[in-house]
Amino acid sequence: MTTCRFWLLDINYEVKNHQPEVWLWGIDNNGRRVLIIDRGFHAYFYAIPASNEKPESIAEKIKQMVSSLPFITNIKIVDRKLFGKPLKVIKINCQDPDLIPEYAKKISRLDGVEKCLEDDIRYSMRYMIDNNIVPCSWHEVEVEEEQNPERIQVDKVLLAKSRPKHLPKLIEVPKLRILGFSIICYSPKGAPKPEKNPVVIISTITNNGEKRQFIAETSEKDDKIISKFINYIKSFDPDIIVGYGTNRNDLPYLTVRAKRNGLTLNIDRVNSEPHTSVYGHISITGRANIDLYDYADEFPDVKVKTLENIADYLGVKKIEERTLIEDIDFAENWENPQKRATLLKFSMENTECIIGVTEAILDFAIQLSSLVGLPLDHIGTAAVGFRVEWFLIRHAYQMGELIPKRVERRYIPYAGAIVLKPKPGIHENIAVLDFKSMYPNIMIAYNVSPDTYIPPEEPNPPSGVYIAPEVNHRFRKEPSGFYREVLSKLIEARDKVRAQLKRLSPKSPEYRLLDARQKAIKVITNATYGYAGWIGARWYIKPVAEAVTAWGRHTITNTIKIAKSLSLEVIYGDTDSIFIRYDPKKIEKLFKAIEEKLGLEIKPDKIYSRILFTEAKKRYCGLLPDGRLDTVGLEVVRGDWANVAKKIQEKILEVVLKEQTVRKAVEYVQEYIINLRAKKIPYRDLIIWKTLTKPIEEYEVRAPHVEAARLLQKEGWALTAGDKIGYVITLGSGKLYERAKPYIFASYDEIDMEYYVTKQIIPAALRILSLFGVRKQDLLPSKPTKPQTLLKFFGENKK
DNA sequence: GCAGCCCTATTACCT
DNA sequence: ACAGGTAATAGGGCTGCG
């Protein structure tokens with residue numbers, strides 16, 4: 001028997017003859033790939049006795065059923081809590097985890113059983129939670145070497161002789177083998193269909209720097225390139241396979257293509273195909289399949305989430321416009337022998353982007369996986385709510401809290417934060433003060449939690465209660481709730497990591513790792529309030545979320561009062577921030593008063609040397625002392641305005657705030673409009689991007705982006721909710737939606753420049769300039785000319 | 001027939 | 001498929017003008 005120290009990459013389970021096996025895929029401290037098989041962990045669920053029933057008699061009843069439930073191995077009464085309330089419940093162990101749902105259903109029908117709980121926890125998660133086994137983290141386990149009869153692709157198959165023990169202090173990540181890939185499919189018309197259109201190019205790059213390209217010999221056959229690709233994966237034996245959009249496109253496509261060719265896409269470590277797993281993710285057993293698209297939301301500044309845009313944003317790689325090839329042009333580029341080389345190059349560049357973006361994301365993904373406890377290949381596809389929930393589940397287990405079932409609930413809105421009306425115009429020397437993690441700290445300060453909430457019918461507990469302002473929800477002061485425990489640990493952990501960071505060089509590997517760690521902690525901390533108010537949450541209790549925002553409003557309102565009492569002028573505020581004239585002495589007093597009276601910490605965030613507010617809330621632009629502009633909410637930062645409007649507005653803000661001249665800004669707009677009308681502005685700057693938020697058929701109204709989407713669909717493009725539609729407005733008569741065309745279908749000459757002038761440039765420009773009395777007619781370089789009236793005339797007669 | 005108003009649907013933002 | 005608060009546009013229905 002030996003000890004094996006391993007880093008957990010992936011986990012799955014098998015049930016053979018009703019005997020469960022957990023398969024832990026790891027990398028040991030000698031860099032060997034190992035599979036550790038752990039047998040004999042029996043999962044379980046709970047039966048909750050009805051309130052008037054004795055747990056003993058229920059347990060007895062269940063014991064008498066055992067003959068019809070043969071794989072139950074243990075029944076006992078244990079102490080647990082449900083929403084903070086102590087309970088005696090019956091824990092029922094079952095040897096075969098796959099039978100648990102069925103058994104729980106039968107037992108929940110027993111007289112005197114209120115319900116069953118935790119029968120909905122997957123076996124592999126159950127195993128990790130109960131044994132404190134953490135993905136992307138080191139463990140130690142006693143093992144014996146096993147035969148490897150099943151052609152499993154690892155250096156060693158080991159049988160666990162003990163439960164693995166987590167080694168929380170080891171934080172480094174072993175050297176992983178990473179393979180990035182992207183594919184190009186050939187379809188003469190419309191979007192490629194795996195049933196008929198072949199894969200013609202597969203480009204791969206490994207983190208050893210090895211580049212490969214697999215190219216189809218003809219435009220019809222792809223059996224060779226697919227089998228070569230499979231063999232290459234087998235020989236490189238990656239730990240991580242990464243691509244962009246692979247869960248939705250590449251992997252399902254390749255799987256079908258392989259089948260069509262009589263092949264199996266056996267690219268995992270057990271010689272079988274990728275398979276769909278939880279959260280719509282595709283699992284490749286023994287490896288971690290990562291789809292970078294699942295991390296695109298980490299970059300809110302990137303509005304159109306293409307691989308090229310993200311790579312460009314991260315400074316990984318810039319694909320020049322002349323080398324960028326649109327999907328629509330793949331076929332032409334493939335068919336034409338001269339152009340094929342550029343397509344090959346483009347494909348490889350795509351894979352270079354993939355490798356580069358992986359560099360930027362992987363540390364974060366690994367840290368998030370180990371913090372939350374979801375395996376590396378699941379963490380990306382899990383929505384924020386589920387990430388928070390799995391994190392909470394682990395802590396619930398440690399606190400003896402039962403995990404509530406997911407139930408369907410009716411949505412009832414509740415009041416949120418306060419936003420102040422800004423004082424329009426330009427202000428000088430404005431400080432922004434922020435409450436530090438306001439909602440988490442409110443939850444800690446007032447012990448707001450699902451397990452401390454006291455429903456209206458219940459009396460006050462002896463330890464006393466906190467009562468939320470306005471809404472009057474009560475929370476017991478003692479003991480500390482679930483959220484307080486979890487959040488204070490998170491905040492503490494993050495502070496500790498940040499302290500360590502200060503002592504490290506930003507270039508060191510430790511720094512990168514710890515920085516990713518503190519980001520992961522931050523994400524989970526900040527999402528906890530949102531989780532609390534989410535009707536899909538297992539621990540949803542509306543008053544919990546409602547109380548948090550009530551205390552938030554109370555806090556900010558009092559802050560404003562205190563500021564005013566110190567004769568500090570409040571210019572604006574939103575949720576947890578106030579914008580005030582910078583006055584160091586008074587602000588110091590304000591900090592003290594707030595900490596004393598409100599028990600929460602406020603800190604200076606930044607100082608704007610100048611800041612511009614419009615009449616609207618949530619939209620402003622501040623000039624920082626170093627000359628940078630902070631644009632918030634305005635068209636400049638929105639993804640659904642044409643670039644022409646955004647660029648102009650940005651320029652106006654710069655001129656107005658830095659040079660403080662309106663005249664120059666007006667001239668700039670006029671000049672720009674002249675250039676636009678003269679067709680001197682690039683086509684790309686005229687594209688408007690909007691997201692499809694639901695299937696096309698479900699739209700009640702006709703809108704430009706929806707109609708453009710319909711046109712794409714007609715040409716064979718498969719569109720789903722979440723896709724971004726890029727369209728332009730073309731000349732002609734009628735409603736905008738009749739003139740909107742997908743940008744890949746339209747030509748520059750059919751663009752309706754006057755639309756861009758009146759509905760994009762002018763509104764974006766006036767948003768700022770109207771503050772200074774500038775009117776529409778001041779921005780137009782000349783009055784509408786004759787041809788325009790003629791155009792209108794023709795338009796009217798067409799209809 | 002159409003300008004003007006109001007309302008709704010839709011999207012993307014802020015914290 | 002984490003929350004509510006907010007701005008903005010386009011479409012569509014309705015009114016009233018002459």
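Here is the naming used below: chain letters follow the sequence lines, and residue numbers restart at 1 for every chain.
The backbone N or O of A:T693 lies less than 3.5 Å from no partner atom in the side chain of A:T691, so there is not a single donor-acceptor pair.
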Report all side-chain donor-acceptor pairs from residues 293-300 of chain A shorter than 3.5 Å, counting only partners two or more places apart or in another chain.
residue	atom	partner	partner atom	Å
A:D294	OD2	A:N247	ND2	3.3
A:Y295	OH	A:G380	N	3.4

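Applying the salt bridge (charged side-chain N to carboxylate O under 4.0 Å, His left out) test to residues at least two apart or on different chains, the pairs with a partner in residues 518-531 of chain A are A:D515-A:K519. For residues 438-448 of chain A, the set of pairs meeting the salt bridge (charged side-chain N to carboxylate O under 4.0 Å, His left out) definition, not counting sequence neighbours, is empty.
Under the salt bridge (charged side-chain N to carboxylate O under 4.0 Å, His left out) criterion, A:K423 pairs with A:E569, sequence neighbours left out. Contacts of A:K405 classified as salt bridge (charged side-chain N to carboxylate O under 4.0 Å, His left out), with partners at least two apart in sequence or in another chain: A:D119. Checked against salt bridge (charged side-chain N to carboxylate O under 4.0 Å, His left out), A:K303 has no partners two or more places apart in sequence or in another chain. Remark: A:K759 pairs with no residue by the side-chain hydrogen bond (donor to acceptor under 3.5 Å, both in side chains) rule, at least two apart or across chains. Contacts of A:R702 classified as side-chain hydrogen bond (donor to acceptor under 3.5 Å, both in side chains), with partners at least two apart in sequence or in another chain: A:E707. Residues passing the salt bridge (charged side-chain N to carboxylate O under 4.0 Å, His left out) test with A:E595, sequence neighbours excluded: none.
Looking at heavy-atom distances under 4.0 Å, A:A616 makes contact with sugar-phosphate atoms alone, never a base. Note on A:R767: only backbone sugar-phosphate atoms sit closer than 4.0 angstrom, heavy atoms only; bases stay farther off. Counting non-hydrogen atoms under 4.0 angstrom, A:G530 reaches a base of the nucleic acid. A:Y439 comes within 4.0 angstrom of no nucleic acid atom, judged by non-hydrogen atoms across all strands. Residue contacts for A:Y540: at a heavy-atom cut-off of 4.0 Å it reaches no nucleic acid atom on any strand shown. No engagement by A:R387 is indicated, since no non-hydrogen atom pair under 4.0 Å with the nucleic acid exists.
Along DNA chain C, read 5' to 3', the first and last nucleotides having any atom under 4.0 Å from a heavy atom of chain A are C:dA1 to C:dG12.
Taking the six-membered ring where the residue is Trp, the centroids of A:Y531 and A:W539 are separated by 6.0 Å or more.
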Seminar exercise, completed: A correct 5'-to-3' footprint of nucleotides 9-15 of chain B, with B, S and - meaning base, sugar-phosphate only and no protein heavy atom under 4.0 Å, is SSBBSBS
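Shown for residues 414-425 of chain A: residues whose heavy atoms fall under 4.0 angstrom of DNA chain C, namely A:Y414, A:A415, A:G416, A:A417, A:V419.
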